[in-house]
Amino acid sequence: MKQKPITKCQYCGSEDIGEGWQHGEGLVTFQYHGLRGNRLKYLICRNCGAVLYQCVAEPHRFPQTK
Ligand SMILES: [Zn+2]
């Protein structure tokens, strides 16, 4: 991702956006079994705490659906 998809909070209007990662149990995996998976990345408003955006770290590793 070259550019942040979110630069401003849609709820409070703040432009103070923080970045966070969800670890452990929150992993989004592309395998039914096993621990390999992608961390969820979050963009969070540092003013009001709203989660503005979330995505996985390596989306290209997920299989396409037909
Ligand atoms: Zn906000």
Side-chain angles (χ1 to χ4, degrees):
M1 193 184 308
K2 297 193 169 63
Q3 199 171 1
K4 285 185 181 178
I6 303 283
T7 56
K8 187 176 182 180
C9 178
Q10 59 184 299
Y11 302 104
C12 73
S14 171
E15 295 182 1
D16 189 8
I17 306 301
E19 183 180 289
W21 295 91
Q22 186 174 49
H23 297 248
E25 296 168 4
L27 283 175
V28 178
T29 65
F30 39 82
Q31 293 176 322
Y32 188 76
H33 294 290
L35 294 174
R36 298 183 64 200
N38 273 213
R39 290 177 183 174
L40 270 178
K41 178 181 181 177
Y42 287 92
L43 293 180
I44 295 162
C45 175
R46 297 181 65 202
N47 184 53
C48 73
V51 176
L52 304 174
Y53 183 80
Q54 56 184 311
C55 65
V56 296
E58 299 174 277
H60 59 279
R61 297 183 68 178
F62 286 84
Q64 286 185 314
T65 56
K66 295 283 166 66

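- In this structure, OH on Tyr11 lies 14.0 Å from CG on Asn47, to the nearest 0.5 angstrom.
- Of the inter-residue distances, the one linking Ile17 atom CD1 with Ile6 atom CD1 reads 7.5 Å to the nearest 0.5 angstrom.
- Listed by chain and residue number, Lys8 satisfy the side chain to side chain contact (heavy atoms under 4.5 Å, CB included) test with Glu15 (two or more places apart in sequence, or in another chain).
- Going from atom SG of Cys45 over to atom CG of Asp16 covers 7.0 Å, rounded to the nearest 0.5 Å.
- Across all non-hydrogen atoms, the minimal contact from Gln10 to Leu52 is N-CD2, 4.2 Å.
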